S.K.: 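If you scroll down you'll find the structure; I have some questions about it.
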Amino acid sequence: MLKPDPSMTVLIPGVLFRRDPVVEEVPLVFDSPHSGTKYPADFRYACPFELLRSAEDTHIDDLYGAAPEHGATLLGACFPRSYIDVNRDAADIDEALLDAKWPGPVNPGEKTRAGMGLVRRLAKPDLPVYDRKLSVAEMAERLRRYYEPYHTALQSACDRLRAKFGRVYLVNCHSMPARGNAMSSDGPDAVRADFVLGDRDGTTCEPGFTRFVADAIDGLGYTVAINDPYKGVEIVRRHGRPAEARHSLQIELNRRLYMDEATLEPNDHYADLERDLYRLLASIAGYVRARLERR
């Protein structure tokens, strides 16, 4: 969880926080939508808690916590993605979870079919999160209280910077298990790179931004893959419109770099990665400043 800091504003308790730049601002936003650890009292899950927690991007908000020191805005969710996932489309409804027909649009995608939609149906293959159906009212309340405020805050931050600077860059921050599994697109036991960058096959940001970040990571001594196995989902899709000078890139960090995947506790390499991410943040902020100077 993010360390307390005077620059942090809890916009909505239990829902989201924002940390503003503490040096000269640049049009750069980092968001951590899956690192929340505050489990709402009305969750009423039935699966083992430790399995539910494995869906978290634990510590990601803390690892990117220095973003404001480089002029960037940092936004993060406080609630867990297993409760409701802001990195899914609002219509990505799994009707198998509901006790009645959903009254709004329904457009389930690949993630929903795998049990990992807007609200998770499965904790792991063949293990449901719930032993009950969710009511339509319950689903609607999660959207209203958690999903919509997060997207409103993120859109507002990006819109303000786009209006002020004429462009904006959003880095969507995640973590990934060291290996694939039966629910992942790369399949069981696939060995993953240290970092995976996702720009939805070159559609969500200028190619130079993806290449710059990949080269910076390589320069720090890490392995990096692009769009394999993660291309980016709803947040980079929604905010990545390069023709409008809105650039969005997803970064996935391999969890073995910084924590014990079984206990979720930081490992002996946590401080090393934190130091290297500080350098990466500085490099990304430098790229954005240079792009502003070339206008």
Side-chain angles (χ1 to χ4, degrees), residues 1-2 10-18 31-62 75-100 102-125 127-155 172-177 181 183-184 233-235 238 250 252 255 261 264:
M1 188 64 185
L2 190 67
V10 179
L11 297 180
I12 305 175
V15 179
L16 71 149
F17 71 85
R18 187 188 71 227
D31 90 295
S32 179
H34 290 165
S35 53
T37 58
K38 295 185 182 299
Y39 283 71
D42 66 356
F43 199 156
R44 294 168 52 207
Y45 55 86
C47 65
F49 185 53
E50 62 271 17
L51 285 178
L52 200 62
R53 287 207 67 197
S54 68
E56 295 173 11
D57 288 346
T58 317
H59 308 301
I60 287 296
D61 51 359
D62 184 56
L75 189 80
C78 302
F79 56 91
R81 67 179 300 191
S82 51
Y83 183 72
I84 190 164
D85 192 341
V86 296
N87 202 26
R88 301 287 184 266
D89 186 86
D92 204 350
I93 300 286
D94 190 339
E95 289 195 295
L97 271 175
L98 300 180
D99 66 357
W102 183 248
V106 175
N107 185 27
E110 179 184 345
K111 298 288 189 181
T112 293
R113 289 186 286 274
M116 301 183 294
L118 181 67
V119 172
R120 284 202 167 208
R121 176 169 45 85
L122 297 176
K124 67 176 187 177
L127 180 64
V129 172
Y130 302 94
D131 60 1
R132 63 188 178 91
K133 296 284 189 178
L134 277 64
S135 70
V136 167
E138 193 174 1
M139 180 72 81
E141 185 69 356
R142 292 186 190 190
L143 282 162
R144 185 187 70 82
R145 291 187 59 194
Y146 296 89
Y147 184 96
E148 292 172 4
Y150 188 88
H151 280 285
T152 296
L154 185 56
Q155 188 71 56
N172 183 228
C173 307
H174 297 268
S175 71
M176 59 184 172
N181 57 60
M183 295 175 71
S184 64
V233 193
E234 174 65 11
I235 289 175
R238 185 181 292 206
Q250 178 176 286
E252 294 271 1
R255 292 174 187 169
E261 291 192 70
L264 309 186

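If you're wondering where the values come from, they're calculated on a predicted model, not measured in any experiment.
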S.K.: Can you measure from CD1 (Ile60) to OG (Ser32) and round to the nearest 0.5 angstrom?
M.R.: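 Ile60 CD1 to Ser32 OG: 6.5 Å, rounded to 0.5 Å.
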S.K.: Identify the two heavy atoms, one from Thr112 and one from Gly117, that lie closest to each other, and give their separation to 0.1 Å.
M.R.: OG1-CA, 3.3 Å
S.K.: Just by distance, do the side chain of His174 and the backbone of Asp57 share a donor-acceptor pair under 3.5 Å?
M.R.: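 Side chain of His174 to backbone of Asp57, a donor-acceptor pair under 3.5 Å: no, none is there.
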S.K.: Return the CD to NZ distance between Glu138 and Lys133, rounded to the nearest 0.5 Å.
M.R.: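 Output value for this atom pair is 13.0 Å.
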S.K.: For Pro80 versus Pro40, what's the shortest heavy-atom pair and its separation?
M.R.: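 Of all heavy-atom pairs spanning Pro80 and Pro40, the closest is CD-CD, 3.9 Å.
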S.K.: Looking at Ser135 and Leu98, what are the two nearest heavy atoms and their distance?
M.R.: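 Closest heavy-atom pair between Ser135 and Leu98: O-CD2, 4.2 Å.
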S.K.: Distance check, rounded to the nearest 0.5 Å: Ile84 atom CD1 versus Arg145 atom CZ?
M.R.: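 One finds 11.5 Å between CD1 of Ile84 and CZ of Arg145.
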S.K.: Is there side-chain contact between Glu141 and Leu143, with at least one heavy-atom pair below 4.5 Å?
M.R.: no
S.K.: Let me confirm one number: the CG-CG distance from Leu75 to Leu11, rounded to the nearest 0.5 Å.
M.R.: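 Here the rounded value is 6.5 Å.
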S.K.: Name all residues meeting the side-chain hydrogen bond (donor to acceptor under 3.5 Å, both in side chains) criterion together with Arg53; count only those two or more places apart in sequence or in a different chain, and write none if there are none.
M.R.: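 Checked Arg53 against side-chain hydrogen bond (donor to acceptor under 3.5 Å, both in side chains); matches are Glu56.
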S.K.: One thing to verify: whether Glu234 and Lys111 come together as a salt bridge, which I'm taking to mean a side-chain N less than 4.0 angstrom from a carboxylate O.
M.R.: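 Answer for the salt bridge query: no.
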S.K.: Atom CG in Leu51, atom OH in Tyr45: separation rounded to 0.5 Å?
M.R.: 11.0 Å
S.K.: Once you measure the plane-to-plane angle for Phe43 and Tyr130, does it fall in the parallel (<30°), tilted (30-60°) or perpendicular (>60°) bin?
M.R.: tilted
S.K.: Consider ring-ring contact (aromatic ring centres under 6.0 Å, His included). Of Phe79, Tyr146, Phe49, which one does Tyr39 pass it with?
M.R.: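 Exactly one option meets the ring-ring contact (aromatic ring centres under 6.0 Å, His included) with Tyr39, and it is Phe49.
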S.K.: Please report the C-alpha distance between Val129 and Leu97 in whole Å, then the side-chain angles of each, then the deciding distance to 0.1 Å, and finally whether the side chain to side chain contact (heavy atoms under 4.5 Å, CB included) criterion is met.
M.R.: CA-CA 10 Å; Val129 172; Leu97 271 175; over 6 Å; no
S.K.: Using a 6.0 Å cut-off, check whether atom CD of Glu110 has over 12 heavy atoms from anything other than its own residue.
M.R.: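 Open.
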S.K.: Compute whether any side-chain donor of one residue and acceptor of the other, for Ser82 and Arg120, lie under 3.5 angstrom apart.
M.R.: no
S.K.: Is Asp92 reaching over with its side chain to a backbone N or O of Leu118, donor-acceptor style, under 3.5 angstrom?
M.R.: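 Between the backbone of Leu118 and the side chain of Asp92 there is no qualifying donor-acceptor contact (under 3.5 Å).
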S.K.: Apply the test side chain to side chain contact (heavy atoms under 4.5 Å, CB included) to residues Asn87 and Asn172: give CA-CA distance (whole Å), side-chain angles for both, the deciding distance (0.1 Å), then the verdict.
M.R.: CA-CA 10 Å; Asn87 202 26; Asn172 183 228; 4.3 Å; yes
S.K.: Where do Arg255 and Ser175 come nearest, in terms of heavy atoms and distance?
M.R.: NE-OG, 2.9 Å
S.K.: Give a yes or no answer on whether the side chain of His59 reaches the backbone of Leu264 with a donor-acceptor pair at less than 3.5 Å.
M.R.: yes
S.K.: Do the side chains of Val119 and Tyr147 get nearer than 4.5 Å, heavy atoms only?
M.R.: no
S.K.: For Tyr83 and Asp42, run side chain to side chain contact (heavy atoms under 4.5 Å, CB included): C-alpha distance rounded to whole Å, both residues' side-chain angles, the deciding distance at 0.1 Å, then the answer.
M.R.: CA-CA 10 Å; Tyr83 183 72; Asp42 66 356; 2.7 Å; yes
S.K.: Is there side-chain contact between His34 and Asp85, with at least one heavy-atom pair below 4.5 Å?
M.R.: yes
S.K.: Could you work out, with side-chain hydrogen bond (donor to acceptor under 3.5 Å, both in side chains) as the rule, every residue matching Glu261, not counting sequence neighbours?
M.R.: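 So Glu261 forms no side-chain hydrogen bond (donor to acceptor under 3.5 Å, both in side chains) with any residue.
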S.K.: What closest approach, in Å, do Pro33 and Val86 show between heavy atoms, and which atom pair accounts for it?
M.R.: CB-CG2, 3.4 Å
S.K.: Between Arg81 and Arg88, does the side chain to side chain contact (heavy atoms under 4.5 Å, CB included) criterion hold? Intermediate values first, please.
M.R.: CA-CA 10 Å; Arg81 67 179 300 191; Arg88 301 287 184 266; 3.5 Å; yes
S.K.: What distance do Met116 atom CE and Asp94 atom CG have between them, rounded to the nearest 0.5 Å?
M.R.: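 If I round to the nearest 0.5 Å, the distance is 11.5 Å.
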S.K.: Grab the two heavy atoms, one from Ile93 and one from Pro108, that are nearest each other, plus how far apart they are.
M.R.: O-CB, 3.8 Å
